[in-house]
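The figures that follow rest on heavy atoms only: side chains count, while hydrogens, waters and symmetry mates do not. The model shown is predicted, which means the values in this text are computed figures rather than measured ones. We number each residue from 1, following the sequence as shown.
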Amino acid sequence: MNASFAPPAPATLILDFDSTFTTVEALDILAELLSAADPARAADVAQIKALTDQAMSGEMSFSDALQRRIQILKPTRDDIAALVDVLKTKITASIERNRAVFSDHAGKIRIISGGFHDFIDPVVADFGIDPAYVMANRLTWNADGVAIGLDLTNPLSQDGGKITAVRGLNLDGDVAMVGDGWTDFEVYKGGAAERFYAFTENVTRPKVVAATEGGEATRVAASFDEVLHAEGYQGRYSFPRSKLKVLLLENIHPEAVRHFREEGYDVSTLKGALDEDDLIEAIQGVHILGIRSKTNVTERVLEKADKLMAVGAFCIGTNQINLKACSQRGIAVFNAPYSNTRSVVEMVMGLTVVLTRNIPDKSIGMHQGKWDKSATGAHEVRGKTLGIIGYGAIGSQLSILAEAFGMRVIYYDIAEKLSLGNAKRYRSLDALLAEADVVSLHVDGRSENTNIFGAAQFARMKDGALFINLSRGHVVDIEALAKAIDSKKIAGCAVDVFPEEPRTNDDPFQSALMGRRNTVLSPHIGGSTEEAQEAIAEFASERLLNFLNRGDTTFSVNMPHVQLSEVEGRHRFLHLHQNVPGVLAAINKVLAEYNLNILAQHLKTNEHLGYVIVDVDQGYPKEALDALRTVPGTLKFRSLL
């Protein structure tokens, strides 16, 4: 036997069906279907599952368990047809995403099961697997079309039957057995397969996993990607997705988790932010880090990040990430600059109305039993002037909504921006402050913006104006704002972001604004709507997955932008390097030395980085990849196969 996991040619793969090709045990599902149709059979479900577990864990004779289950179930042909419909929706995720492999390697990937051709054949047929490549039992039927047993002459109806069935194929070359159960391990143990993969994507059976320990030709496979990678079907020199670790912090929306897991990545999540030391510990072995606004990715964190390829900011800003240090290490950074725009804008408009009507103080009074029905100090927003500081994605959309409310809109931005609607640009911040009835901040979080709005700016505002900040906490001097409220220079304020914020919901909050009149304080929830968080999760995870799966850097905040197609029928090399002379020449020298046929090549640079993408024909030595990794100036290199 060849005990190596790097065979010279792809082995024949023998896949178990239940809990391997599909996510479920077929007879368990059949029992549930029968129980749903006849509640009196509910006890059958528990009995069937118990027999399944005992057989799969090697605690009971497989033959006995199989016959007892059929005698309990007694399904009809219609029941089997209904089972097939369900099983087609229960295909294992890594099997589904590698659907093309089955047709590309017809006959090299086969199915084995103690289950039955009657429901297995129509399910695997959708993957181009001919019934001739399926080894399974067959049901026996009575005249009324009810299954009453199984063909006991079939070796798979007996203990050790999988060993006999695989040996009987007389296959040339190596055989690799892939399955979750003890009978699958027995195929290897009995000498019918050169290698065994304990498949754990759907279920982990401790006895089976333990049996792989210490064996040179046995291993645990968390997905079918790993099997294909190890057996040379695809990605021999690449990294299987299930080995790429994704860490998502700060309660990122579950939609992002779902996207990464559906693509085969290993995802871990944490609800809160992490401080520097905790993040350094957590980031070891992590390839993709997802954060929101409270986690700081410092240079020290990046120095200790041994595997990090990309950081996703599941929010608008990236000031919490050391972009320069990321670029120096070839770590791509992505954000979601537009996804929560509407949520923030709606909140600003709501706060504008609430403050203009003096509702915060009215509400507090009501909670204290005070009925203060008075129009004094309450106004309509119609006809008032809204001054927007920062006319980006949020500021510009706010101007449209404010005009719909009948407000006059003026704005100030250091960059030239196209005015929307009737909004008017002011070249002087002081001029805007002197005219605005409501001032709303929408600036970015760069360090240069620290305390850009302080006592001097409040002094220049109109007496009795309102102030709103849903941008960044450190851009406003909170003490100066509190004094402006106390002096009645400012008639009211709404603040959603603060210079110092609790890391988790369990930590205390303190601010000089607490208890002030006509003041609304909110816990950084401007973009925290279910719609916005789902949109952010969709956008940011898609950017990260496009980078992982095909090298696309569109929307990256620090990488040269390259939009790339899917990798099909070719291999792709991604080479990120310092933007210095001679790197492309060195890369091409390696390609020529190893006689690689180039199908496409791209080079894109920015001030600090160069990004070379090369698509080549399949078939080249691993030494070519090693040589590309050692080109002077290389920051990151990977191959997509």
Between [X] and [Y], is any pair of side-chain heavy atoms under 4.5 Å apart?
{"X": "Q320", "Y": "T295", "result": "no"}
{"X": "V476", "Y": "V495", "result": "no"}
{"X": "N546", "Y": "T554", "result": "no"}
{"X": "I321", "Y": "I291", "result": "yes"}

- Residue pair Q563, T553: steps toward the side-chain contact (heavy atoms from CB on, under 4.5 Å) verdict: CA-CA 6 Å; Q563 186 173 5; T553 53; over 6 Å; no

Can you find a side-chain donor-acceptor pair between [X] and [Y] that sits under 3.5 Å?
{"X": "N579", "Y": "N606", "value": "no"}
{"X": "T385", "Y": "R408", "value": "yes"}
{"X": "D225", "Y": "N98", "value": "yes"}
{"X": "Q578", "Y": "H608", "value": "no"}
{"X": "N588", "Y": "Q601", "value": "yes"}

Output yes when a side-chain donor or acceptor of [X] lies under 3.5 Å from a complementary backbone atom of [Y], and no otherwise.
{"X": "R570", "Y": "D615", "result": "no"}
{"X": "E226", "Y": "K243", "result": "no"}
{"X": "R572", "Y": "S639", "result": "no"}
{"X": "E531", "Y": "S343", "result": "no"}
{"X": "K362", "Y": "D372", "result": "yes"}
{"X": "Y411", "Y": "K417", "result": "yes"}
{"X": "T519", "Y": "R517", "result": "yes"}
{"X": "N558", "Y": "K324", "result": "no"}
{"X": "N335", "Y": "F314", "result": "no"}
{"X": "T634", "Y": "V631", "result": "yes"}

- Query: How far apart are the C-alpha atoms of E303 and R300, what are their side-chain angles, what is the distance that settles it, and do they pass the salt bridge (Lys or Arg N to Asp or Glu O under 4.0 Å) test?
  - Reply: CA-CA 5 Å; E303 286 175 352; R300 180 167 169 255; over 6 Å; no

Neighbour count above 12 (heavy atom, 6.0 Å) for [X] [atom1]:
{"X": "E96", "atom1": "CD", "value": "yes"}
{"X": "K483", "atom1": "NZ", "value": "no"}
{"X": "D507", "atom1": "CG", "value": "yes"}
{"X": "K245", "atom1": "NZ", "value": "no"}

- Show the numbers, then the answer: is there a ring-ring contact (aromatic ring centres under 6.0 Å, His included) between F555 and F334? CA-CA 7 Å; F555 291 103; F334 298 86; 8.9 Å; no

- Tell me, which pairs form a ring-ring contact (aromatic ring centres under 6.0 Å, His included) where one or both residues lie in residues 274-312, sequence neighbours left out?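 Output for this query lists F239-H287.
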
- Give the intermediate values and the outcome of side-chain hydrogen bond (donor to acceptor under 3.5 Å, both in side chains) for residues E542 and H259. CA-CA 8 Å; E542 184 177 355; H259 283 314; over 6 Å; no

Once you round to the nearest 0.5 Å, how far does [atom1] of [X] lie from [atom2] of [Y]?
{"X": "K424", "Y": "E435", "atom1": "NZ", "atom2": "CD", "value": "7.0 Å"}
{"X": "I388", "Y": "L398", "atom1": "CD1", "atom2": "CG", "value": "4.0 Å"}
{"X": "H442", "Y": "Y391", "atom1": "NE2", "atom2": "OH", "value": "11.5 Å"}
{"X": "T356", "Y": "F405", "atom1": "OG1", "atom2": "CZ", "value": "10.5 Å"}
{"X": "F453", "Y": "N469", "atom1": "CZ", "atom2": "CG", "value": "9.5 Å"}
{"X": "Y265", "Y": "S223", "atom1": "OH", "atom2": "OG", "value": "11.0 Å"}

- Query: Should R425 and D413 be marked as a salt bridge (Lys or Arg N to Asp or Glu O under 4.0 Å) after you check the CA-CA gap, both sets of side-chain angles, and the distance that decides it?
  - Reply: CA-CA 8 Å; R425 182 185 182 193; D413 198 299; 5.9 Å; no

- Query: Step by step, would you call V443 with I389 a side-chain contact (heavy atoms from CB on, under 4.5 Å)?
  - Reply: CA-CA 7 Å; V443 299; I389 302 175; 4.0 Å; yes

- Evaluate the salt bridge (Lys or Arg N to Asp or Glu O under 4.0 Å) criterion for residues K294 and E250: first the C-alpha distance (whole Å), next the side-chain angles of each, then the deciding distance (0.1 Å), finally the verdict. CA-CA 8 Å; K294 294 179 183 177; E250 303 186 62; over 6 Å; no

- ring-ring contact (aromatic ring centres under 6.0 Å, His included) between F458 and F467: does it pass, once the steps are laid out? CA-CA 9 Å; F458 289 118; F467 178 79; 5.1 Å; yes

- Relative to each other, are the rings of F573 and F637 parallel, tilted or perpendicular (30° and 60° limits)?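 If you compare the ring of F573 with that of F637, the planes turn out tilted.
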
- Work out which heavy atom in I331 is nearest to a heavy atom in K636; give both atom names and the distance.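 Here I331 and K636 meet closest at CG1-NZ, 4.1 Å.
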
- Looking only at heavy atoms, which two atoms of A436 and A465 are closest? And how far apart?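 Looking at all heavy atoms of both residues, the closest pair is O-CB, 3.8 Å.
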
- Item | Chi angles and distances behind the side-chain hydrogen bond (donor to acceptor under 3.5 Å, both in side chains) call for D444, N449 | CA-CA 8 Å; D444 63 36; N449 284 341; 2.9 Å; yes

- Might you work through the side-chain contact (heavy atoms from CB on, under 4.5 Å) test for N549 and R241, ending with a clear yes or no? CA-CA 9 Å; N549 296 344; R241 290 182 180 182; 3.4 Å; yes

- Query: Passes side-chain hydrogen bond (donor to acceptor under 3.5 Å, both in side chains), Q397 versus T341? Steps please.
  - Reply: CA-CA 8 Å; Q397 189 172 144; T341 299; 5.0 Å; no

- E262/R97 under salt bridge (Lys or Arg N to Asp or Glu O under 4.0 Å): CA gap, chis, key distance, verdict: CA-CA 9 Å; E262 281 186 351; R97 65 173 168 265; over 6 Å; no

- Message: side-chain contact (heavy atoms from CB on, under 4.5 Å) for H253 and E538? Distances and angles first, verdict last.
- Response: CA-CA 9 Å; H253 194 279; E538 289 272 1; over 6 Å; no

- Task: Kindly say whether the aromatic ring centers of F509 and F498 come within a distance under 6.0 Å.
- Result: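 Under 6.0 Å, so yes.
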
